[in-house]
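Written below as structure tokens is the structure these notes are about.
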Amino acid sequence: MPIWPDAVPDAVPGAKPESVGTDGETVADVSRPTMTVYAPEGHNTGAAVVVFPGGGYKVLAMGLEGTEICDWLTSHGITCVLLKYRVPNSGPTWEKGHRHYPKVQTALQDAQRTLGLVRHNAAQWHVDPHKIGIIGFSAGGHLVAALSTHFAQRTYAPVDDADRLSCRPDFAMALYPGHLWVHEDEDSATRNETDMSLRPDIRVSVDTPPTFLLQAEDDHVDGVEQSLAYYIALQKPASPRKCIYMHKAATPLVFVPQSFPSVAGRRWRSGGCTRSACSIRKRMTDCDDGPA
């Protein structure tokens with residue numbers, strides 16, 4: 001369903017038509033964002049999670065980092081809301097060898113709007129409005145951090161009652177996030193590797209939700225410094241505990257089915273190593289005070 005009832009705020013004039021890649025899962029040129037709601041299977045826990053696929057704010061990996069995640073969440077009794085947010089150039093991205101920050105981060109607008117819509121429809125969808133979380137991957141992980149630190153005020157003019165409700169997530173999960181470390185654009189030979197400061201647009205406060213971080217130590221796409229910078233910032237305010245899980249791997253961690261449709265067969269895989277989803281879910285429970 002479209003998340004904006006009428007005109008999309010800060011729409012790009014003459015946007016290209018939306019297209020799907022040859023893999024059938026990668027979506028490009030999204031100008032009319034939508035959300036798809038997946039009802040939980042079996043027992044309904046009352047929790048809901050909004051999913052932000054990655055793709056560098058250029059495309060969206062709607063399969064591996066979208067529908068696959070929703071399959072896993074719904075199998076555990078969690079309502080899943082898959083957000084197809086606007087791309088490209090809707091958040092920080094690489095352009096001609098340099099990081100580009102758009103004047104308006106429209107992906108954040110879409111995320112704020114969607115959280116409000118989920119709360120607005122909580123009764124109809126049998127969701128506890130106090131158990132609505134978010135999960136994102138790579139650029140979607142950055143969107144998790146952005147929404148977790150930009151919920152006090154909408155970045156667009158409110159359009160209806162849904163925008164009068166809080167868009168603060170009750171818990172958050174950022175997996176191999178990017179665009180967070182202040183020194184990531186600097187020369188690796190001379191930059192200060194000991195300074196784990198965040199970029200100035202990500203401002204952690206005591207109200208930032210309980211957060212789970214997952215990162216491969218040797219991820220060469222979104223370096224481990226991204227998660228470390230956010231983790232360190234999360235430790236400073238007197239806020240609920242945060243958890244970070246690191247794993248050395250040959251490639252970035254991804255979520256893949258190993259024996260679909262068996263829930264037990266879904267694992268976090270990296271190279272030749274796997275981590276079971278249930279063990280990571282337990283770590284989330286151990287490390288967070290929130291309903292993750």
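Count residues from 1 along the sequence.
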- For side-chain contact (heavy atoms from CB on, under 4.5 Å), just list the numbers for Ser148 and Tyr230, CA-CA rounded to whole Å, side-chain angles, deciding distance to a tenth of an Å, and then say yes or no. CA-CA 11 Å; Ser148 295; Tyr230 195 45; 3.6 Å; yes
Within-4.5 Å side-chain heavy-atom neighbours: Arg113 and Asp163: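 Arg113 reaches Asp163 side chain to side chain.
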Does [X] reach the main-chain N or O of [Y] with its side chain, forming a donor-acceptor pair under 3.5 Å?
X	Y	result
His120	Gly116	no
Gln112	Cys167	no
Asn89	Tyr57	no

What pair of heavy atoms forms the shortest contact from [X] to [Y], and how long is it?
X	Y	result
Pro177	Leu214	CD-O, 4.4 Å
Ala162	Leu117	CB-CD2, 3.8 Å
Ala145	Leu180	CB-CD2, 3.8 Å
Cys80	Leu73	SG-CD1, 3.9 Å

query: Please walk me through it: do Arg86 and Gln109 pass side chain to side chain donor-acceptor pair (under 3.5 Å)?
result: CA-CA 9 Å; Arg86 281 173 279 178; Gln109 292 180 336; 3.0 Å; yes
**Request:** Give, for atom OG1 of Thr208 and atom CZ of Arg203, the distance between the pair rounded to the nearest 0.5 Å.
**Result:**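 Answer rounded to 0.5 Å: 10.5 Å.
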Exercise. Enter the distance from Arg154:CZ to Leu108:CG here, rounded to the nearest 0.5 Å.
Key: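 Arg154 CZ to Leu108 CG: 10.0 Å, rounded to 0.5 Å.
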Q | Lys/Arg cation over aromatic Trp4: Arg32, 6.0 Å, 45° cone | A | no
Under-4.0 Å salt bridge between Asp207 and Arg168: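 No, this pair does not count.
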Original post:
Under a 4.5 Å side-chain heavy-atom rule over Ile, Leu, Val, Met, Phe, Trp and Tyr, are Val37 and Val127 clustered together?
Top reply: yes
Query raised in the report: Is Met173 reachable from Tyr38 through a run of hydrophobic residues whose side-chain heavy atoms are each under 4.5 Å from the next?
Result: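 Yes, Tyr38 and Met173 fall within the same hydrophobic cluster.
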Under the side chain to side chain contact (heavy atoms under 4.5 Å, CB included) test against Val144, which residue among Ile134, Leu213, Leu175 passes?
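The side chain to side chain contact (heavy atoms under 4.5 Å, CB included) with Val144 is passed solely by Ile134 among Ile134, Leu213, Leu175.
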**Prompt:** Do the rings of His179 and His142 sit parallel, tilted or perpendicular, given the 30° and 60° boundaries?
**Reply:** perpendicular
